[in-house]
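The chains referred to below are lettered A, B, ... by the order of the sequence lines, with proteins before strands, and numbering in each begins at 1.
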Number of protein chains: 2
Amino acid sequence: MTTTIFDVAKQAGVSIGTVSRVINNRDRVSPETRERVLKAIQELDYHANALAQGLANQQTNTLGLVIPQVNDPFFFQIVRGVEDAASTVDYSLLIACQSRPASEHRYLDLFRRKFVDAMVLVAIDVYSHELEQIIERGVPIVMAQQDLGKNIPTFLVDNYRGARQLAEHLMEHSYQRIAFISGTHYTPDSRERLRGLRDVLSEHGLELPARYVVEGDYLRGSGHRAMQQLLELPDRPEAVFAANDQMAIDAIMAIQEAGLKVPDDIAVVGFDDIPMASYLSPPLTTVHQPIYELGWHAAKAALSLIKEESKDNGSMAAPHVMLLPTSLVLRRSCGC
Amino acid sequence: MTTTIFDVAKQAGVSIGTVSRVINNRDRVSPETRERVLKAIQELDYHANALAQGLANQQTNTLGLVIPQVNDPFFFQIVRGVEDAASTVDYSLLIACQSRPASEHRYLDLFRRKFVDAMVLVAIDVYSHELEQIIERGVPIVMAQQDLGKNIPTFLVDNYRGARQLAEHLMEHSYQRIAFISGTHYTPDSRERLRGLRDVLSEHGLELPARYVVEGDYLRGSGHRAMQQLLELPDRPEAVFAANDQMAIDAIMAIQEAGLKVPDDIAVVGFDDIPMASYLSPPLTTVHQPIYELGWHAAKAALSLIKEESKDNGSMAAPHVMLLPTSLVLRRSCGC
DNA sequence: TGGTACAATGTAAACGTTTTTACACTATCC
DNA sequence: GGATAGTGTAAAAACGTTTACATTGTACCA
């Protein structure tokens, strides 16, 4: 049996109410009593039962975090960011992996039953009825890495500006024929990156013909196939913008296998800045995504929404999509 | 106000005791009543409050997991393994990052206060008084990736056998002069890997002279320095075994910068099988660590200890250190 | 027909907090 | 010297479950 507030009260010769007041610095307690209670707490090595506190307070000081079950080192960074933010205000983290697609049911039920004070959902692509219920019940929700277009605070990496930065840099190298290896076509990330490239090109009076846009799937292998396709073109591109580093790496391999040189014959750039990028030969020019920061800010936002919620603030219009800035990482594969 | 067991009871026209019995399949309940209760639960969209359940049951169906704050993709794999294992028995995960060294206090207090049913500690290197208290209180603890030498179930990757496998393979290539780039010298991992190499060498009548063992620190950069040192030797090694992939990569770069070829002039092998390893030129031969499995088994063990605990089992001696097998990943850097 | 056995359900006491309410005691004022 | 205000503390009512125990109802048997 663990020691409870009753034990402390008995030891200090006061009532449990007083002990509680001392612990939470609530009402006035005389210095002598406070002293006695603190001494008892120390002697008995008392630690308040968080379950009971949660029950009484209707607040658990716990943040729910959902991450996709994908094996992507990115997500670990997000977890770190979220955890760091949470721990600054003594919040803890309840984590659920989205094991199968469409298993939202499982973690939403979990979070509801365990009464997390707020939730951070990473890369969730469905807006379920359950989610709506939870929002209505007043539990703050923040999304990251995926925009559902709902009225939910959402933190995203600014793919469009990131792509523009990179494209602008390619312009500085004066490349004319630039190709794009896309991710799966329906993903917003890939589309935004393509849009960034396209806009910059057209601002420079260049265009992006359809044969220069090849669809990949973000995964290993697809960049290789896409690049082979590009190499077969009569007017093969001078530079290739891959929608992620993985495919950029593939592309470089395909180019080198074809007996050509990167960046001398064809420049290649990627997106993500995965650890591997700096080790390639040539090292890959890419766009760094602020993943840790994404987690940090999403968590901070969720936590501040908890406070506002309990203050029952008037609902002033607040920004609902926040784009985090990327940064350009210049290495050698672009021709630098 | 969320719906409680009272609401369900009223709606179904029964007492809360009966509702609880239906939910938990406890005692006998007549089919008709059960039906009515289930209907009420569905109509009201009732979800039991896990805090209250935890308080009443003295059990939270929650597993505490501590991971180091290091930015290592490895740890995400462990988290996945643990989460998968936990979710098979409907356990959820409370995660704490070890933000600063010596912050055990924080997460142990957290887990104690939130009453996790068991804990998995990853790469924890101190055995604190608090930890001992928790163990005494009967909360099962399992460790992973670090052996404290205490009487605690511990899951490790079998560094010794992994190193031996790799060393045996180098023997097949008939290398005679083999060097070792160690990690920080006091880490058991590095020592075990060195021991594996040394043992295999001596079994083949070879020795490992002191000048062939250079200390690194596992981090980027140190392998480069170590390799330069080795290259300056009058009888430079034919093969280099780096204590991790990161340093192996460094070593390859140093060799190539010196105008030599891998594996023709010097073979290089690593340990870890990080994603990057397969992308190097030449692709790195290394030892794959079963990280996901490590998390999975550690969690399974912790969960089964919970059950035994509640059964109040007699304490029969059980294995306390479990070594998970590595696997050799042959690529080209070893000369294959 | 009265007693027993048993199945089905209701009741109330835990579980360990917080918080509201009430009360006792001082000090202060006319 | 009694009303008044201000402190410090105790007591009790939440919070939402589970579960041991009590109660009811029914069937069976002597």
Q: The side chain of B:Phe6 is closest to which nucleotide in this list: D:dT17, C:dG16, D:dA10?
A: D:dT17

Q: Can you tell me whether the side chain of B:Arg21 and the base of C:dG10 have a donor-acceptor pair closer than 3.5 Å?
A: yes

Q: Contact class for A:Thr18 (heavy atom, under 4.0 Å): base, sugar-phosphate, or nothing?
A: sugar-phosphate

Q: Of the listed nucleotides (C:dC15, C:dT17, C:dG10), which one gets closest to any side-chain atom of B:Leu55?
A: C:dC15

Q: Think B:Gln53 has a side-chain N or O under 4.0 angstrom from the OP1 or OP2 of D:dT18?
A: yes

Q: Can you say whether the rings of A:Phe75 and B:Phe76 are parallel (under 30°), tilted (30 to 60°) or perpendicular (over 60°)?
A: tilted

Q: Between A:Asn61 (CG) and C:dT18 (P), how many Å, whole number?
A: 12 Å

Q: Between B:Arg112 and A:Asp45, is there a side-chain N and carboxylate O pair less than 4.0 Å apart?
A: yes

Q: Could you give the CZ-to-C1' distance, from A:Arg113 to D:dG16, as a whole number of Å?
A: 12 Å

Q: Among C:dT17, D:dT17, D:dT18, which is the nearest nucleotide to the side chain of B:Asn24?
A: D:dT18

Q: For the atom pair CD (A:Gln53) and CG (B:Leu55), what is the distance rounded to the nearest 0.5 Å?
A: 11.0 Å

Q: By the 4.0 Å heavy-atom rule, please label B:Ala48 as base, sugar-phosphate, or nothing.
A: sugar-phosphate

Q: Among the nucleotides C:dA8, D:dT18, C:dT20, which one has an atom lying closest to any side-chain atom of B:Ala56?
A: D:dT18

Q: What's the CD-C1' distance between A:Gln59 and D:dA14, to the nearest Å?
A: 17 Å

Q: Taking OP1 and OP2 of C:dG16, is either one under 4.0 Å from a side-chain nitrogen or oxygen of A:Thr4?
A: no

Q: Round to the nearest Å and state the distance from A:Lys10 atom NZ to C:dG16 atom C1'.
A: 15 Å

Q: Would you indicate which nucleotide in C:dA8, D:dT19, D:dG16 comes nearest to any side-chain atom of B:Asn57?
A: D:dT19

Q: Expressed as a whole number of angstroms, how long is the span from A:Asn49:CG to C:dA14:C1'?
A: 14 Å

Q: As a quick check of understanding, evaluate side chain to side chain contact (heavy atoms under 4.5 Å, CB included) for B:Leu156 and B:Met322, giving each step before the final call.
A: CA-CA 6 Å; B:Leu156 302 171; B:Met322 273 120 324; over 6 Å; no

Q: If you find the nucleotide of DNA chain C closest to B:Thr33 and the one closest to B:Ala52, which residue's nucleotide is nearer the 5' end?
A: B:Thr33

Q: Across the strands shown, which category fits B:Ser20 at heavy-atom distances under 4.0 angstrom: base, sugar-phosphate, nothing?
A: base

Q: Taking CZ from B:Arg34 and C1' from C:dT9, how many angstroms apart are they, rounded to a whole number?
A: 13 Å

Q: For the pair A:Tyr292 and A:Trp296, name the ring-plane relationship: parallel under 30°, tilted 30 to 60°, perpendicular over 60°.
A: parallel

Q: Quick test of your reading of the model: are B:Glu43 and B:Lys39 salt-bridged, counting only N-O distances below 4.0 Å?
A: yes

Q: To the side chain of B:Ile5, which of D:dT18, D:dA10, C:dT11 is closest?
A: D:dT18

Q: Could you tell me the separation between the NZ atom of A:Lys114 and the C1' atom of D:dG16, rounded to a whole number of Å?
A: 15 Å

Q: So which nucleotide from C:dT18, C:dA12, C:dA8 ends up closest to the side chain of B:Ile16?
A: C:dA12

Q: Considering every strand and a 4.0 Å limit on heavy-atom distances, what is the contact class for A:Phe115: base, sugar-phosphate, or nothing?
A: nothing

Q: To the nearest angstrom, how far is B:Asn25 atom CG from C:dA8 atom P?
A: 14 Å

